[in-house]
Amino acid sequence: MRIFDPHIHMSARTTDDYRAMYESGVRAVVEPSFWLGQPRTNVGSFIDYFDALIGWERFRAAQYGIRHHCTIGLNPKEANDARCREVLDVLPRYLAKDGVVAVGELGYDSMTADEDEVFAAQLALAVAFELPAMVHTPHRDKAAGTTRTLDVVRESGIAPERVVVDHLNETTVAAVADSGCWMGFSIYPDTKMDEQRMVAILQEFGTARVLVNSAADWGNSDPLKTRKTARAMLEAGFSEDDVDVVLWQNPVAFYGQSGRLHLDPVPGFAEHEPPAAGVTFEGNSVLRGARV
């Protein structure tokens with residue numbers, strides 16, 4: 001089984017997680033830029049973080065046989081902080097980088113006027129750089145936030161098939177399905193969605209335009225939730241081909257629109273074998289790969 005986790009915050013995870021993910025079938029990830037957990041106080045903090053996403057984290061993942069990609073953006077939670085607004089001027093430098101496969105996470109946290117402005121500005125950058133957009137729906141007032149999100153997406157002129165609206169649930173999936181955008185679901189231990197609820201949605205809405213992710217970060221989360229969802233799908237009667245569509249083909253199709261996916265096996269790793277203990281790679285050889 002091959003798995004592509006389209007939303008996971010690996011900078012908050014350990015190398016043991018990388019090893020366990022590889023052993024569970026994960027071969028590629030997308031790491032969206034997100035907030036620090038406490039307020040950033042200047043644009044330099046973002047620059048250091050973005051540099052780590054496109055450099056160190058990509059290298060660290062490759063040491064465990066996993067291809068790492070990222071999205072770059074000013075997240076909704078920090079869009080309300082005037083000290084962070086200057087990062088919008090920095091984003092174009094990073095949106096041109098190899099391995100950056102979308103603009104994001106962008107969207108809403110508290111649905112403020114500042115968030116409106118930053119959201120629209122970053123959708124315009126996605127159009128200008130011909131990149132997909134990863135949109136975060138708010139944890140509070142999710143239904144209203146999703147409706148407002150879809151309105152802003154329509155107003156931006158970006159093609160809906162180049163947008164994934166993430167953190168959906170039973171109350172928001174239908175509107176996003178009707179919009180033509182991709183539907184993203186985060187599978188979490190205690191909040192968001194679980195495997196059984198995800199299976200029920202797949203039974204009702206099908207597998208097209210669906211991205212399933214772990215969204216694992218420093219909180220109570222599980223980087224193996226993609227594999228556990230695959231198991232739940234099989235137990236519910238979905239075929240192995242269905243699982244491959246949801247957990248590999250769909251994220252490849254969505255992020256492949258960037259032209260920057262690198263999905264060939266990492267040198268030194270057999271396609272279906274876990275990495276040997278202590279394996280590391282020197283130089284940049286592990287960072288290179290064919291585009292799809």
Side-chain angles (χ1 to χ4, degrees), residues 7 9 11-12 30-53 70-97 100-160 162-169 171-172 175-176 179 181-182 184 186 191-192 215 217-219:
H7 182 154
H9 300 288
S11 59
V30 169
E31 177 163 0
S33 59
F34 75 146
W35 76 302
L36 187 63
Q38 64 184 37
R40 289 183 172 95
T41 59
N42 63 81
V43 70
S45 177
F46 285 94
I47 291 172
D48 291 340
Y49 173 53
F50 294 160
D51 284 343
L53 287 181
C70 67
T71 77
I72 296 290
L74 176 57
N75 73 83
K77 199 170 186 71
E78 293 175 309
N80 297 295
D81 190 332
R83 296 172 298 181
C84 299
R85 189 64 68 91
E86 187 181 347
V87 78
L88 293 176
D89 298 327
V90 173
L91 292 183
R93 181 200 318 172
Y94 288 95
L95 296 179
K97 297 288 188 180
V100 177
V101 295
V103 182
E105 295 180 57
L106 55 149
Y108 288 115
D109 178 56
S110 300
M111 289 184 285
T112 65
D114 284 334
E115 290 173 22
D116 282 330
E117 183 179 341
V118 171
F119 187 11
Q122 291 187 98
L123 286 174
L125 285 172
V127 172
F129 282 84
E130 300 183 339
L131 286 173
M134 172 188 279
V135 179
H136 167 101
T137 52
H139 301 301
R140 303 174 300 278
D141 282 337
K142 186 172 287 289
T146 301
T147 298
R148 189 160 167 180
T149 291
L150 294 174
D151 288 342
V152 174
V153 167
R154 280 189 289 269
E155 291 165 4
S156 75
I158 191 171
R162 296 178 72 84
V163 177
V164 57
V165 182
D166 211 344
H167 306 313
L168 298 182
N169 59 26
T171 67
T172 54
V176 179
S179 75
C181 295
W182 287 68
S186 299
T191 61
K192 299 183 174 73
D217 53 21
W218 54 66

> Just by distance, with hydrogens left out, do T137 and H167 show a side-chain donor and acceptor under 3.5 Å apart?
Replying inline: no
Distance col, row S186:OG vs D166:CG, nearest 0.5 angstrom, shows 4.5 Å
Compute whether any side-chain donor of one residue and acceptor of the other, for D116 and Y108, lie under 3.5 angstrom apart. yes
Heavy atoms of A126 and A133 approach each other most closely as CB-CB, 4.3 Å
Taken in chain and number order and not counting sequence neighbours, the residues that satisfy salt bridge (charged side-chain N to carboxylate O under 4.0 Å, His left out) with E78 are R40
Looking only at heavy atoms, the pair that brings G145 and P138 closest together is CA-CG, 3.7 Å
Exercise. Do C181 and L150 have side-chain heavy atoms sitting under 4.5 Å apart?
Worked result: yes
Quick one: does L123's side chain get under 4.5 Å of V152's, heavy atoms only? yes
R154 with D151: basic N within carboxylate O range, under 4.0 Å
yes
V135 vs F119 side-chain heavy atoms within contact, under 4.5 Å:
yes
Would you mind reporting whether S33 and L53 have side-chain heavy atoms less than 4.5 Å apart? yes
CG (N80) and CD (E117) are apart, to the nearest 0.5 Å, by 11.0 Å
Salt bridge (charged side-chain N to carboxylate O under 4.0 Å, His left out) filter on R93, not counting sequence neighbours, yields none
Here the pair of heavy atoms bringing I158 nearest to L131 is CD1-O, 4.2 Å
task = Evaluate side chain to side chain contact (heavy atoms under 4.5 Å, CB included) for V164 paired with H7, printing each intermediate quantity in order.
result = CA-CA 11 Å; V164 57; H7 182 154; over 6 Å; no
*asked:* Less than 4.5 Å apart, side chain to side chain, heavy atoms only: is that true for V118 and R85?
replied: yes
Sequence neighbours excluded, the answer for side chain to side chain contact (heavy atoms under 4.5 Å, CB included) partners of E130 is R162
Could you check whether any side-chain N or O of S45 sits under 3.5 Å from a backbone N or O of N42, counting only pairs where one atom can act as donor and the other as acceptor?
no
NE2 of H136 to CG of L106, rounded to nearest 0.5 Å, is 10.5 Å
So CH2 of W35 and CG of D217: to nearest 0.5 Å the spacing works out to 10.0 Å
Value for CG (D81) from OG1 (T41), rounded to nearest 0.5 Å, stands at 9.0 Å
Heavy-atom closest pair (F34 atom, N75 atom, distance to 0.1 Å) is C-ND2, 3.6 Å
- Query: Looking at side-chain heavy atoms only, is the closest gap between C84 and L74 below 4.5 Å?
  - Reply: yes
Open item on the list: Just by distance, no angles: are the side chains of T112 and D114 close enough, under 3.5 Å, to form a donor-acceptor pair?
Closed with: no
Checking the side chain of E105 only, and the main-chain atoms of P76 only, is there a donor and an acceptor separated by less than 3.5 Å?
no
Should E31 and S11 be marked as a side chain to side chain contact (heavy atoms under 4.5 Å, CB included) after you check the CA-CA gap, both sets of side-chain angles, and the distance that decides it?
-> CA-CA 8 Å; E31 177 163 0; S11 59; 2.9 Å; yes
Applying side chain to side chain contact (heavy atoms under 4.5 Å, CB included) to Y94 and I47, what does each step give before you reach the verdict? CA-CA 9 Å; Y94 288 95; I47 291 172; 3.4 Å; yes
Correct closest heavy-atom pair for Y49 and P32 would be OH-O, 3.8 Å
- [ ] Please test V100 against T71 for side chain to side chain contact (heavy atoms under 4.5 Å, CB included), starting from the C-alpha separation and ending with a verdict.
- [x] CA-CA 5 Å; V100 177; T71 77; 5.8 Å; no
Point to revise | Test item: V30 and C70 side chains (from C-beta on) under 4.5 Å apart, heavy atoms | key: no
For P39 and R83 the tightest heavy-atom approach is CB-NH2, 3.8 Å
query: Is the number of heavy atoms from other residues, nucleotides or ligands within 6.0 Å of NZ (K142) greater than 12?
result: yes
